[in-house]
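Source: prediction; values computed, not measured. All heavy atoms count here, side chains included; hydrogens, waters and symmetry mates do not.
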Protein chains: 2
Amino acid sequence: MFHTMNQRPPTRLEYALLGLLHQQPQSGYDLRKVFATTALGNYSSSPGAIYPALKRLETKALVGSEIDDARALRPRKVYRPTPDGSAVFRAWLVQDISTDDVARGFDELMLRFAFHWVLDAPAASYEFLHTLADLLGRYTKELEAQRRMFPPEAPVQSRLALDAGIEQYRAAARWARKSRKHFKEDT
Amino acid sequence: MFHTMNQRPPTRLEYALLGLLHQQPQSGYDLRKVFATTALGNYSSSPGAIYPALKRLETKALVGSEIDDARALRPRKVYRPTPDGSAVFRAWLVQDISTDDVARGFDELMLRFAFHWVLDAPAASYEFLHTLADLLGRYTKELEAQRRMFPPEAPVQSRLALDAGIEQYRAAARWARKSRKHFKEDT
DNA sequence: TCGCACATGTAACGTGTTACATGATTCA
DNA sequence: TGAATCATGTAACACGTTACATGTGCGA
């Protein structure tokens, strides 16, 4: 059932929740704890963000919920992805990535990759890292060009700040090139 | 005149604008072009963000404006920081940085450092990079610990995504340690 | 004449932040 | 008795995103 009735796409937070629910069905409270303890893309664990997001996912029919009333201080509402939710999530995972994604939304790309296990398709992960490495290399070169364009009288700190960005992207590119080998031997 | 009447602190975008205005008085249109062309922390150049932000800064009396009516297709509104604006901006630059800033707001820290030339105080820049290097080292260790805690049956992709973060923070730490030498020879 | 660069702005909308509300159970 | 943990939620607010509105002058 794929008649996406002009619904706007899920938020980053919504995707993150959807991904965690693929790991195992959980309650809002559980999910909050995950965000609070792990360094998961540093999302907020505030109830004012999580609970409304879960409700949105439910009205979009991407997740379903059932009350776990048995043995609990207060009844827990446990969410799990619906088939539609799974499909939408997988579609997000395999979306084409653009240069713009690398520059503006690198965090989101990492979030996507972290959930690539849902696909269980090494070829897809390889492809992802391959194009990511390519785009990172390109973007790094772009930043380096910008650095060379810097007027000599420009303040040191600005130049150094740009260097920091370059170094970080270089590190990410190295990581991507190295990591893709986990998914394909040759080439 | 420092009676900050419980005003909430400026946004990241507002700080960025304030910083650019310290470089030279500019109009909203000029500022938009800066955001559009340079890789300045990848802020948005949308008019719906810039113009309201400038207006907010003006009502807070952190910037002043004057109309440049002479020889222009349409009159330009040129903004420049007020003494109060300068003070607030400098205060932001020299704010103490915490572990949380490193984990959640690294971009903002880089933005701050990029504008450190406003202070014209090498000692302050050294101090900034020194503590930044320290905090980055600490946070990297924390991530490494988290990585070791990873259960062996956890998916490869999740572990690799964490590795990406670690590598990026490591690169940033190296950068900070190396760059601080620009501001102090010994030690 | 068509469209683009200049230049400023507003309106609707959604979402995250912060703070608050509720209420049961366990432990000191 | 009081505090902490479990567990869900709402309300006000501010901000950014997107899209639209407006109008001039210049070059093809």
Side-chain angles (χ1 to χ4, degrees), chain A residues 6-18 25-37 40-60 62-63 65-79 100-101 104-105 107-108 111, chain B residues 6-18 25-37 40-60 63 65-79 100 104-105 107-108 111:
Chain A
N6 262 358
Q7 285 176 152
R8 69 183 62 250
T11 320
R12 279 241 279 270
L13 176 60
E14 285 170 18
Y15 276 125
L17 293 169
L18 208 41
Q26 290 174 83
S27 71
Y29 192 75
D30 295 332
L31 293 161
R32 285 183 60 200
K33 275 191 296 186
V34 174
F35 287 123
T37 56
L40 207 145
N42 48 44
Y43 288 93
S44 85
S45 61
S46 71
I50 306 260
Y51 290 111
L54 285 170
K55 191 185 282 185
R56 285 196 306 267
L57 284 171
E58 197 169 18
T59 62
K60 288 187 228 170
L62 301 182
V63 305
S65 68
E66 56 197 65
I67 310 279
D68 176 11
D69 210 338
R71 68 162 53 266
L73 314 88
R74 186 171 166 172
R76 292 156 41 83
K77 206 167 169 185
V78 176
Y79 294 90
D100 203 70
D101 292 326
R104 299 214 195 203
D107 295 0
E108 181 165 347
L111 185 68
Chain B
N6 263 359
Q7 284 177 152
R8 69 186 60 249
T11 319
R12 279 243 278 271
L13 175 60
E14 285 171 21
Y15 277 125
L17 292 168
L18 207 41
Q26 289 174 86
S27 70
Y29 192 77
D30 295 332
L31 293 162
R32 285 183 60 200
K33 274 191 297 187
V34 174
F35 287 122
T37 57
L40 207 145
N42 47 44
Y43 288 93
S44 85
S45 61
S46 71
I50 306 264
Y51 290 112
L54 286 169
K55 191 185 282 185
R56 284 195 307 266
L57 285 171
E58 197 168 19
T59 61
K60 288 187 229 170
V63 304
S65 68
E66 56 196 64
I67 309 278
D68 177 11
D69 210 338
R71 71 164 48 266
L73 316 88
R74 184 170 166 172
R76 291 157 41 84
K77 205 165 168 186
V78 177
Y79 292 91
D100 203 69
R104 298 213 196 205
D107 295 0
E108 181 165 347
L111 186 69

Study note, to complete from the structure: Contact string for nucleotides 9-19 of chain C, one letter per nucleotide 5' to 3', B = base within protein heavy-atom range under 4.0 Å, S = sugar-phosphate only, - = neither, reads BB---SSSBB-
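Rounded to an integer number of Å, the gap from Glu58(A) CD to dT8(D) C1' is 13 Å. Across the protein-nucleic acid pair, Gln26(B) atom CD and dT8(C) atom P stand 11 Å apart, rounded to whole Å. Between Lys33(B) atom NZ and dA5(C) atom C1' there is a gap of 9 Å when expressed in whole angstrom units. Between the OH atom of Tyr43(B) and the C1' atom of dC15(D) there is a distance of 14 Å, given to the nearest Å. Across the protein-nucleic acid pair, Asp30(A) atom CG and dC6(D) atom P stand 10 Å apart, rounded to whole Å. Whole-Å rounding puts the Arg32(B) CZ to dT18(D) C1' distance at 13 Å. Summarising the geometry, the separation between CD on Gln7(B) and P on dC15(D) is reported as 12 Å, rounded to the nearest angstrom. Regarding Leu54(B), its CG atom lies at a distance of 13 Å from the P atom of dC15(D), rounded to whole Å.
Applying the side-chain hydrogen bond (donor to acceptor under 3.5 Å, both in side chains) criterion to Arg104(A), with sequence neighbours excluded, gives no partner residue. For Lys60(B), the salt bridge (charged side-chain N to carboxylate O under 4.0 Å, His left out) partners are Glu14(B), not counting sequence neighbours. Applying the salt bridge (charged side-chain N to carboxylate O under 4.0 Å, His left out) rule to Asp30(A) yields the partners Arg76(A); only residues at least two apart in sequence or on another chain are considered. Looking at residues two or more places apart in sequence or on another chain, you find a side-chain hydrogen bond (donor to acceptor under 3.5 Å, both in side chains) between Glu58(A) and Ser65(A).
Between Val63(B) and Leu54(B) the shortest heavy-atom distance is CG2-O, 4.2 Å. Ala49(B) and Leu13(B) get closest at one heavy-atom pair: O-CD2, 3.8 Å. The two atoms that bring Pro75(A) and Ile67(A) nearest to each other are CB-CG2, 3.8 Å, heavy atoms only.
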Revision key, fill the gap. Annotated structure of DNA chain D as dot-bracket, pair cut-off 3.5 Å, Watson-Crick or G-U only, | for inter-strand, is ||||||||||||||||||||||||||||
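At least one side-chain heavy atom of Arg32(B) sits under 4.5 Å from a side-chain heavy atom of Pro47(B).
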Point to revise | CA sep, side-chain torsions, deciding dist, call: Arg12(A), Tyr43(A), side chain to side chain donor-acceptor pair (under 3.5 Å) | key: CA-CA 9 Å; Arg12(A) 279 241 279 270; Tyr43(A) 288 93; 3.2 Å; yes
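For Tyr29(A) and dT8(D), the shortest distance from a side-chain N or O to OP1 or OP2 is not below 4.0 Å.
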